[in-house]
Amino acid sequence: MADTAEKVPAAESSSSSAEASIAVEKTEPTTTEKKKWGDVEDDDEEEANAVSELNSLSIKEEEKHESVLEEPEDSNIKAVTSGDTPYTSASRFEDLNLSPELMKGLYVEMKFEKPSKIQAISLPMIMTPPHKHLIAQAHNGSGKTTCFVLGMLSRVDPNLREPQALCICPTRELANQNVEVLQKMGKFTGIAVEVAVPERTRGVSNMRRDAVSAQVVIGTPGTIKKWIAFKKLGLNHLKILVFDEADQMLATDGFRDDSLRIMKDIERVNPTFQVLLFSATFNETVKDFVARTVKDPNQLFVKREDLALDSVKQYKVVCPNEQTKIEVIKDQIMELGDIGQTIIFVRTKVSANKLHKALAEMGYDVTSVHGSMENEDRDKIVKEFKDCLTQVLIATDVIARGFDQQRVNLVVNYNMPTKHDSGGEPDYEVYLHRVGRAGRFGRKGAVFNLLLDDRRDIEVMEKIEKYFGAHVKEIKSWNSEEEYKIALKEAGLLDE
DNA sequence: AAAAAAT
């Protein structure tokens with residue numbers, strides 16, 4: 001892997017004046033009977049509220065300021081602890097007892113100043129014995145990656161040349177990205193990381209490799225399973241297992257079977273290992289499952305209405321037909337000039353190819369990425385985009401989650417995200433994740449939802465608005481350049 | 001349908 005350090009998210013905890021005013025209530029240690037996450041999140045009854053007041057440290061937004069930069073971490077994160085271990089929110093990295101090498105990585109390499117809100121709350125929970133499991137929900141772009149990467153680095157023994165931390169991700173892109181973050185943050189620690197994703201060379205010689213000696217392994221389910229099966233990934237010293245995009249990793253239509261299998265394999269060897277589950281979204285179904293699967297976890301969560309990023313303005317455009325969508329892309333989106341990078345999400349791989357071809361034939365410089373491409377092509381396209389060599393990327397939902405590129409200011413939903421099985425119901429989680437590709441760490445951004453002029457699309461959009469309690473403004477004429485300009489100015493992406 | 005990856 002080439003050195004890609006500078007593309008790695010580095011600003012997760014860069015400070016702003018807004019942060020100074022955030023009050024963190026340090027509640028006394030709570031002695032809590034185990035509370036299922038679902039009990040609290042369904043804040044339908046007073047009972048739930050009572051629980052969260054009594055048993056949680058509740059970190060509240062201190063004041064609403066009309067700041068231009070709305071930081072996602074300004075909003076409420078509720079914590080529910082399990083057991084009687086006291087946790088104190090870490091307002092500074094110094095509070096965490098990290099090694100000097102790790103501190104240097106944070107300050108010098110990552111250029112962090114202090115923990116973001118989710119980091120301040122979750123890191124003590126991750127690091128304090130008896131190392132309880134953790135389920136953590138936090139906004140897109142709020143620094144979740146740092147939480148578990150730092151968690152892994154701090155819990156690993158650099159002198160033991162055995163795998164001790166394992167992180168499982170839904171896509172190779174995400175695995176690679178997390179590896180880069182870990183390498184950068186752990187640069188001075190001497191901790192090694194290995195990425196477990198399908199090799200370029202699909203073939204035989206794969207399993208002739210040596211057993212992994214790196215302390216940290218990050219990868220996708222299939223390859224990890226394979227390494228375990230072939231005894232290339234020893235589990236004897238594994239003490240921490242991380243699921244990135246955990247709701248997807250544990251969803252029935254996701255990677256549930258693989259994930260459970262890996263968990264069981266580890267549990268057999270080491271019953272006391274710690275599990276960390278991170279995502280911006282956890283729907284009710286997944287939540288229930290998680291509550292039954294992971295025992296007595298500490299829990300952090302965000303209310304659905306607080307989850308939409310205020311810094312990203314959302315718009316909808318009703319297009320008379322499919323062809324006009326392409327014209328919108330061509331005449332409006334592609335002609336915008338310098339507003340940063342853009343991701344155009346489409347529903348299928350075929351649409352990705354079609355749109356790519358259509359735009360290329362009109363002379364536009366775009367690239368596209370989806371799961372049927374050769375792995376090395378995928379890597380290359382994504383790297384080019386991260387290096388800012390390309391401005392507009394057409395993509396399926398491969399990169400809907402987690403993809404961190406701070407210069408993405410505009411997301412276009414060429415197709416709205418819908419669930420396949422339930423008759424065109426909106427996929428709320430995917431929508432939120434797509435939107436989250438813009439506005440990383442509180443930056444400004446905009447989303448254009450291109451709707452076909454039929455009931456289905458209109459309804460999907462309405463339901464999404466209702467679900468998140470967010471207003472999505474309409475661009476009244478799909479071909480009015482002026483309206484798009486106004487929208488972008490409003491979003492803060494265009495000057496006068 | 002997409003995603004991972006190979007039973």
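Chain letters run A, B, ... following the sequence lines, proteins first, then strands; residues in each count from 1.
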Just N and O in the side chain of [X]: are any of them under 4.0 Å from OP1 or OP2 of [N]?
X        : N     : result
A/Thr418 : B/dA1 : no
A/Lys349 : B/dA3 : yes
A/Thr396 : B/dA3 : yes
A/Arg378 : B/dA3 : no

| message | Once ring pair (Phe, Tyr, Trp, His ring centres under 6.0 Å) is applied, do any residues pair with A/Phe273, and if so which ones, sequence neighbours excluded? | response | none

Can you name the side chain to side chain contact (heavy atoms under 4.5 Å, CB included) partners of [X], sequence neighbours left out?
X        : result
A/Lys313 : A/Tyr315, A/Ala491
A/Arg155 : A/His131, A/Lys239, A/Ile240, A/Gln274
A/Ser154 : A/Leu98, A/Leu102, A/Met127
A/Lys187 : A/Glu109

Separation of [X] atom [atom1] from [N] atom [atom2], in whole Å?
X        : N     : atom1 : atom2 : result
A/Lys419 : B/dA3 : NZ    : P     : 18 Å
A/Met249 : B/dA5 : CE    : P     : 10 Å
A/Glu429 : B/dA3 : CD    : P     : 18 Å
A/Arg256 : B/dA2 : CZ    : C1'   : 18 Å
A/Ile262 : B/dA4 : CD1   : C1'   : 11 Å
A/Asp253 : B/dA5 : CG    : P     : 17 Å
A/Ile218 : B/dA4 : CD1   : C1'   : 17 Å
A/Asp257 : B/dA5 : CG    : P     : 15 Å

| Reckon A/Lys225 touches a base, only the sugar-phosphate, or nothing at all at heavy-atom distances under 4.0 Å? | nothing

| task | Under 4.0 Å between any heavy atoms, over every strand shown, what does A/Arg401 touch: base, sugar-phosphate, or nothing? Just pick one. | result |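 No contact at all - A/Arg401 keeps every heavy atom at 4.0 Å or more from the nucleic acid.
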
| task | Could you check which of B/dA3, B/dA1, B/dA5 has an atom nearest any side-chain atom of A/Pro198? | result | B/dA5

| query | Ion pair present between A/Asp257 and A/Arg261, side-chain N to carboxylate O less than 4.0 angstrom? | reply |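 Salt bridge flag = no for A/Arg261 with A/Asp257.
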
| request: Assert yes or no for the condition that the ring centre distance of A/Phe448 to A/Tyr484 is strictly below 6.0 Å. | output: yes

| Looking at residues 451-459 of chain A, who's got a heavy atom less than 4.0 Å off DNA chain B? |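 DNA chain B contact set from residues 451-459 of chain A: none.
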
